[in-house]
K.L.:
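I'd like to ask some things about the structure below.
For clarity, every value in this text was computed on a predicted model and none was experimentally measured.
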Amino acid sequence: MWRLCKEFLSFIRQEKKWWLAPLVLLLLIIAALVVFSTSSALAPFIYPFM
């Protein structure tokens, strides 16, 4: 896992694609929210029609 993070950071530095870092961070936050909220009190607010 850490190797993948290091490789991604070196890619960003070499290719000068700094706009990718916030995008990936946002996607990770959304994924963590979905995973951790499925069994919590937030689930009815995130999934109101299920």
Side-chain angles (χ1 to χ4, degrees):
M1 180 66 184
W2 292 111
R3 182 178 175 197
L4 179 65
C5 292
K6 287 180 184 178
E7 193 170 328
F8 179 69
L9 289 174
S10 67
F11 169 76
I12 287 177
R13 271 190 241 123
Q14 288 176 356
E15 300 295 322
K16 306 230 185 314
K17 297 197 181 288
W18 294 106
W19 57 270
L20 282 175
L23 182 67
V24 171
L25 183 63
L26 181 66
L27 288 174
L28 288 173
I29 290 171
I30 290 172
L33 178 68
V34 168
V35 167
F36 291 124
S37 68
T38 56
S39 63
S40 73
L42 292 176
F45 299 108
I46 294 175
Y47 308 110
F49 302 110
M50 293 184 137

K.L.:
Identify whether W19 and V24 are in the same connected component of the hydrophobic contact network (ILVMFWY, side-chain heavy atoms under 4.5 Å).
P.N.:
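Same hydrophobic cluster.
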K.L.:
Look at the side-chain heavy atoms of Ile, Leu, Val, Met, Phe, Trp and Tyr, link any pair under 4.5 Å apart, and say whether F11 and L4 land in one connected group.
P.N.:
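Different clusters.
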K.L.:
Could you check whether atom CD of E7 has more than 12 heavy atoms from other residues, nucleotides or ligands sitting under 6.0 Å from it?
P.N.:
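No, the 6.0 Å shell around CD holds no more than 12 heavy atoms from other groups.
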K.L.:
Rounded to the nearest 0.5 Å, what separation is found between the CG atom of L25 and the CG atom of L20?
P.N.:
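Reported to 0.5 Å precision, the distance equals 12.5 Å.
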